[in-house]
Amino acid sequence: MKLLTKTNRLSFIWIIPVIIIGSIFCYYMIQYIVYEEADEYLKYEMNRIVAYHNEFEDLPDNHSVVAVIDDKKFDKPHFKDTLILETEDNEMVPYRELYFTIEHKGIHKTILLRHLLVGNDDIFEGTLWIILGLISLITIAFFLMTSYTSQKVWKPFYDTLHKIIHFKTNDPIPVFEKTTIDEFNSLNQTLENLLTKIQNDFQRTKEFNENASHELQTHLSVIRANAELLLHDVDFKNHVTIQKIHQTTLKLSKTQSSLLLLSKIGNQEFSNQDRVNFKESIESSLALFEELIDMREIHVSLSLKDCTTIMDSGLAEIMINNLVKNSVKHNIAKGFITISTNHDKICIENSGTYYTDTPDHLLERFKIGTEGNLGIGLSIVKQICDLYHFKISYRISENNIHQIEIIL
Amino acid sequence: MKILIIEDQIDLLHSIQDALSQENFNCETADTKKKAEYKIYTFEYDILIVDINLPDGSGLEIVKQMKRLNSRVGIMIISARNAIDQKIEGLELGADDYITKPFDMAELIARVKSLIRRRLFNGEETVNFGNITINTSKREVYVDEQLVELTKSEYQILLFFFSNPNRVISKETLAEHIWGDHMDISDSYDFIYSHMKNLRKKIVSKNVDDPIKVIYGIGYKFETNR
C-alpha cells in the first residue's frame with residue numbers, strides 16, 4: 001500500500017467517530033437553539049402581555065394568546081411541549097406552550113401562549129445536510145492537502161527511494177536532494193554512509209578476489225611448469241606422483257576460476273546488455289560437443305524456435321554451454337537429448353542415470369557427483385538464472401529422464 | 001626465430017624460457033614494462049609473449065607500441081585474469097592469441113608454433129615427422145602419402161603432438177588443449193582415450209609404425225627419430 005493511501009485510510013478511520021459525535025452534537029445543538037428561541041419569544045410575549053395588563057388592566061387583543069383559563073393558577077411561568085394535529089397536513093406538529101397567571105380584577109387568570117417548534121425530523125434532516133456538506137468539503141480539502149503535502153514534504157523521500165531502488169553496487173553513490181526536513185537529511189546521510197561502506201567493502205572484496213586469483217593462478221603456473229619439467233625428465237622415477245601434482249593443480253585452477261566466475265556473477269560484474277538468441281547459442285554449443293555426442297551415440301532431437309532476450313552475451317554462452325555439457329556428460333551411451341525452445345522457454349531433456357535425492361539439489365553448489373567432481377556447472381547456471389530472474393526447474397521422471405526447464 | 005618473453009614472475013619466466021629454448025627458439029626476457037620497452041625499441045623480435053599484469057604498467061601498452069613499431073610481429077598475451085573484456089581489448093589492439101594462467105608449457109609451445117605458422121608463413125606450411133605430413137593450411141593429414149580422414153579433435157591432437165615432439169603429454173594437457181574451459185577435465189579422460197585409440201588406429205591402418213607411445217598412468221608421447 002502506498003504511503004499516501006495508508007495515511008488517507010488511517011486519517012479517515014479517525015474522521016468516522018468525529019462525524020458521529022459531530023452529528024449528535026449538531027442535532028442537539030440545533031434542538032437546544034430552537035427551544036431557546038421559542039422560550040425566549042414566549043417570554044417576551046408574556047412580558048408584553050403583563051406590561052399591557054399592568055398599564056391598562058386589560059388583556060391585549062393579542063393573537064398569540066391561545067386561551068385564557070380561569071380557575072387555574074401557576075406560581076411561576078410554566079413551559080410545556082405539546083403536539084397538535086395540523087388538519088391541513090393531517091400531521092402532528094410540535095408546539096411550545098407557556099402557561100402564566102396574572103391577577104385580573106382579583107381573579108387569577110392563567111394565560112396560554114403557544115409557539116411553533118421545529119420538528120425533530122426537520123432537525124435530523126438539517127443535521128444530515130450540514131454533516132454531508134461538511135464531509136464533502138473536508139474530503140476535498142483533505143485530498144488536496146495530502147497530495148500537496150506529499151508532493152512538497154515527501155518529495156525528497158521519494159527522490160531518495162527512487163535513487164536507492166536503481167542503485168547498483170558498481171554505480172557511483174547517488175547525490176541525495178538537500179531538504180529542510182531533519183529526518184530526511186539524517187536518512188540521506190545514513191544511507192550515504194551505508195552505501196559508501198557497502199561500495200568500499202564490495203570494491204575490497206572484488207580486489208581481493210582478483211588479486212587472490214591472480215596470485216594463485218601465477219603460482220599454480222609455476223607448479224605446473226615444474227611438474228611438467230619433471231614429467232619429461234627420463235631419469236626421474238616418480239612420474240605418477242608428479243602426474244598427480246600436475247593434475248591437482250589443474251583441478252585447483254579450474255575450481256578457482258569457476259568460483260571466481262560465480263562470485264563475479266553474484267557481484268553483477270557482467271552488465272553488458274546484448275540481444276541474445278538462445279536458438280543460435282544452442283546450435284553453436286552443440287557443435288562444440290558434436291564429437292562427444294557422436295562418440296557416445298547420443299541421439300539429439302531439436303525443436304528450436306527463436307528465443308531472444310537482453311542479457312550479457314558472455315553469460316548466455318556460459319549458461320547454454322553448461323546446460324548442453326551437462327546433458328552430454330550425464331547421459332548414457334545410446335541415450336538421447338531433446339532440446340526445445342520457444343519465445344520464453346528453454347527445455348533440455350536427456351536420458352540419464354538413477355538419482356535418488358531431490359533434483360533441486362543438483363542446482364546447488366558443491367553437490368558431489370558420482371565421479372567425485374564438484375557440481376559447479378549447474379550452480380553457475382542457477383546463479384545466472386537468478387541474476388536475470390529466470391525461473392529454472394530440474395525434474396527427473398521415473399524412467400530416469402532428466403529435464404531442465406528455464407522460463408525467461 | 002627470436003622471441004621476447006615479458007613476465008614479472010621470475011620462476012614462470014624461466015620456465016617459459018627453458019621450454020621455448022628447448023624447441024630451439026632464441027629467447028630473451030624482460031620482467032618489467034620498462035625493460036621490455038627498452039628491448040623492443042633496441043632489438044627486433046618475431047614473437048612477443050606478454051603478461052598483462054606487470055609491476056610498472058599494463059602489458060597492453062607494450063602491445064600497442066609494438067604494433068606501431070613492427071606490425072608483422074606475432075603477439076601472444078598471457079593473463080591470470082579470465083576477464084573477457086581484457087581478452088577482447090588485447091585482441092583488438094593487435095595481439096594474435098591469448099592464453100590464461102595457469103597453462104602447460106606444451107600448450108604454450110603449440111600456440112607459439114601455430115602463431116609462427118600463421119604470422120610468418122601465412123599459414124602455408126606443411127610439417128612432417130617420419131611418414132606423417134600435416135598441411136596446416138588445408139588441415140589435411142597424409143600418412144605415407146595417403147590422405148587420412150581425421151575428425152576435428154583427432155586433427156587437433158595430432159597437430160599438438162607435432163608441436164611437442166618427444167615430450168610427455170599428460171591426458172589433462174590434451175583435454176585442456178581440445179576443450180579448454182568447456183569440459184571438466186575428469187570427465188574428458190574417456191573421450192581422450194577414445195580419440196587417441198581412433199587416431200592411432202587410423203595411422204597404423206596405413207601400415208606405418210605407431211609413433212605415439214602410451215606412458216602408463218600419465219599420458220602419451222609422440223616419438224620422432226630426431
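These numbers come from the heavy atoms of this one structure, side chains and all, not from hydrogens, waters or symmetry mates. Here is the naming used below: chain letters follow the sequence lines, and residue numbers restart at 1 for every chain.
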Engineer: Using a 4.5 Å cut-off on heavy atoms from C-beta on, say whether the side chain of A:Arg224 contacts that of A:Ser253.
Structural biologist: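 In contact.
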
Engineer: To the nearest 0.5 Å, tell me how far A:Met319 CE sits from A:Phe278 CZ.
Structural biologist: 4.0 Å

Engineer: Flag the pair A:Phe336 / A:Asn331 as yes when at least one side-chain heavy-atom distance between them is below 4.5 Å, and no otherwise.
Structural biologist: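 Of all side-chain heavy-atom pairs linking A:Asn331 with A:Phe336, none is under 4.5 Å.
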
Engineer: Non-hydrogen atoms of chain A under 4.5 Å away: do they reach the side chain of B:His14, the backbone, both or neither?
Structural biologist: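 No part of it gets close to chain A.
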
Engineer: With a 4.5 angstrom heavy-atom cut-off, which part of B:Ala19 approaches chain A: side chain, backbone, both or neither?
Structural biologist: neither

Engineer: Please rank A:Thr218, A:Val240, A:Leu220 by heavy-atom pairs under 4.5 Å with chain B and give me the top one.
Structural biologist: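 Heavy-atom pair counts peak at A:Thr218.
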
Engineer: For the pair B:Glu37 and B:Lys33, find out whether any cationic side-chain nitrogen is under 4.0 Å from an anionic carboxylate oxygen.
Structural biologist: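 Salt bridge present between B:Glu37 and B:Lys33.
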
Engineer: Going through the distances and angles, do B:Ile132 and B:Tyr142 end up as a side chain to side chain contact (heavy atoms under 4.5 Å, CB included)?
Structural biologist: CA-CA 6 Å; B:Ile132 308 170; B:Tyr142 297 89; over 6 Å; no

Engineer: With a 4.5 Å cut-off on heavy-atom pairs, point out which of B:Ile169, B:Leu108, B:Asp104 contacts chain A the most.
Structural biologist: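 Winner by heavy-atom pair count: B:Asp104.
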
Engineer: Using a cut-off of under 4.5 Å on heavy-atom pairs, state which of B:Lys152, B:Glu7, B:Arg167 scores highest against chain A.
Structural biologist: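 Heavy-atom pair counts peak at B:Arg167.
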
Engineer: What residue, out of B:Ser153, B:Ser194, B:Gly219, has the most heavy-atom pairs lying under 4.5 Å from chain A?
Structural biologist: B:Ser153

Engineer: Out of A:Gln243, A:Met295, A:Glu215, which one racks up the most heavy-atom pairs below 4.5 Å with chain B?
Structural biologist: A:Gln243

Engineer: Pick one of side chain, backbone, both or neither for A:His239, based on which atoms fall under 4.5 Å of a heavy atom in chain B.
Structural biologist: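 Looking at A:His239, backbone and side chain both touch chain B.
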
Engineer: Give a yes or no answer on whether the side chain of A:Asp274 reaches the backbone of A:Ser313 with a donor-acceptor pair at less than 3.5 Å.
Structural biologist: yes

